[in-house]
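A short write-up of the structure that comes next.
Both ligands and their constituent atoms are indexed starting at 1 by order of listing.
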Amino acid sequence: MNGAPVLVFDSGVGGLPYLEAIRTLLPFERLEYLADSGHFPYGLKSREEVERIVRLVVGRAVAELRPKLVVVACNTASQAALAALRADHPELPVVGTVPAIKPAAESTKTRVIGVLATAAAVKDPYLDELVARHARGVKVFRKGAQELVAFVEKRLFDATEDERRAVCAEAVAPLVEAGADRLVLACTHFLHVAAGLAEAAGPGVETVDSREGVARRVEFLLREREALAGPGELARGRLRVTRPEPDATMARFAERFGLDCGPTLGAQDS
Ligand code: DGL
């Protein structure tokens, strides 16, 4: 059981910084990364559609890879499908990604925080609940930044510095104007441009994400089940996609994160 992989899942490349955080904490775990490139982006789909797709794709990945734990390293998928996934796989621990509203609300000095998410996640009732629970007395402004998701997924390596600056500036502008000094990166893709977002927001504004909490949760659940991989050779992870072939950009992401690339996972029908 200990040698079984941990599956890290996202619609695209957003979960990779989460995979890195897990690898830093648990270097001996075998990590399988799955980007659902066949259905990207999730942020422009309805909650029901995301739930259906995630159940289908994760169901196939679980059947094929037999992971000992699944990390849904995607806010949109977690908000839409976490409960259904846990019901589908009662024997399997499933860790979701929750927007880091709590640490942002606890640390803001201006008492204003900004939340950057996908078009779907930004209006999800789940976010309302988190805000009500953890951000009492704090003003919370939200921005759906789907164009930033597309930028990270498709253009991160080829864009000019000016383009990167412009897309980051556009995403943060309304939140900074509202007085936010904490930006919650509530879409995993945005972690790839965290430095650019902080720079665009200016001094005194910090980005907040849930990477470390997710990695610690993975460790806790594996330890509790006595399923941690023992010390040994450092396992090289693998990045797979659900499209027929990983494209050149995907291959570059795999290389950047020290992962092998391919083969494709699961059937191609929707
Ligand atoms: N990375 C995803 C998230 O955290 C979704 C991006 C998308 O597919 O729109 O919400």
Side-chain angles (χ1 to χ4, degrees), residues 7-22 33-58 61 70-85 94-101 104 114-130 142-156 167-168 171 183-194 196-197 207-215 217 239-243 246-247 249-250 253 256-257 270:
L7 173 65
V8 181
F9 170 77
D10 179 41
S11 61
V13 300
L16 288 169
Y18 282 74
L19 174 139
E20 194 161 77
I22 295 164
Y33 187 88
L34 178 61
D36 186 12
S37 50
H39 297 106
F40 176 88
Y42 286 173
L44 293 175
K45 295 178 170 60
S46 70
R47 191 179 223 270
E48 294 68 31
E49 182 70 350
V50 173
E51 183 186 294
R52 187 187 67 76
I53 291 168
V54 171
R55 291 175 78 179
L56 181 82
V57 174
V58 172
V70 176
V71 179
V72 182
C74 173
N75 292 89
T76 311
S78 297
Q79 290 179 194
L82 209 53
L85 278 182
V94 182
V95 176
T97 314
V98 177
I101 301 290
V115 181
L116 271 180
T118 63
V122 86
K123 48 182 199 296
D124 197 284
Y126 182 80
L127 190 54
D128 300 332
E129 266 173 50
L130 277 181
R142 309 170 185 199
K143 164 116 170 84
Q146 202 62 40
E147 62 297 336
L148 189 57
V149 176
F151 175 84
V152 168
E153 185 78 17
K154 307 284 182 210
R155 305 265 309 119
L156 193 66
V167 74
C168 287
L183 296 177
V184 179
L185 306 186
C187 165
T188 57
H189 275 73
F190 302 160
L191 274 71
H192 288 280
V193 286
L197 292 168
T207 60
V208 189
D209 66 71
S210 56
R211 242 175 315 184
E212 275 177 30
V214 165
R217 183 79 187 143
L239 180 156
R240 298 166 198 260
V241 297
T242 58
R243 255 198 213 294
D247 62 14
T249 307
M250 231 6 131
F253 271 108
R256 176 176 279 192
F257 283 84
S270 56

>> Ser210: which residues meet the side-chain hydrogen bond (donor to acceptor under 3.5 Å, both in side chains) condition with it, sequence neighbours left out?
In response: Tyr18
> Are side-chain N/O atoms of Thr97 and Asn75 paired as donor and acceptor at under 3.5 Å?
Replying inline: no
>> Are Phe151 and His192 an aromatic pair, judged by ring center distance below 6.0 Å?
In response: no
> Around ligand 1, what residues show up once you keep those with a heavy atom under 4.0 Å from it?
Replying inline: Asp10, Ser11, Phe40, Pro41, Tyr42, Gly43, Cys74, Asn75, Thr76, Thr118, Gln146, Val149, Cys187, Thr188, His189
>> Test of understanding: with side-chain hydrogen bond (donor to acceptor under 3.5 Å, both in side chains), list the residues that count as partners of Glu212, not counting sequence neighbours.
In response: none
> Can you list the residues that meet the side-chain hydrogen bond (donor to acceptor under 3.5 Å, both in side chains) rule with Asp209, with sequence neighbours excluded?
Replying inline: Arg211
>> With a 6.0 Å cut-off on the ring centroids, do Tyr42 and His189 count as close?
In response: no
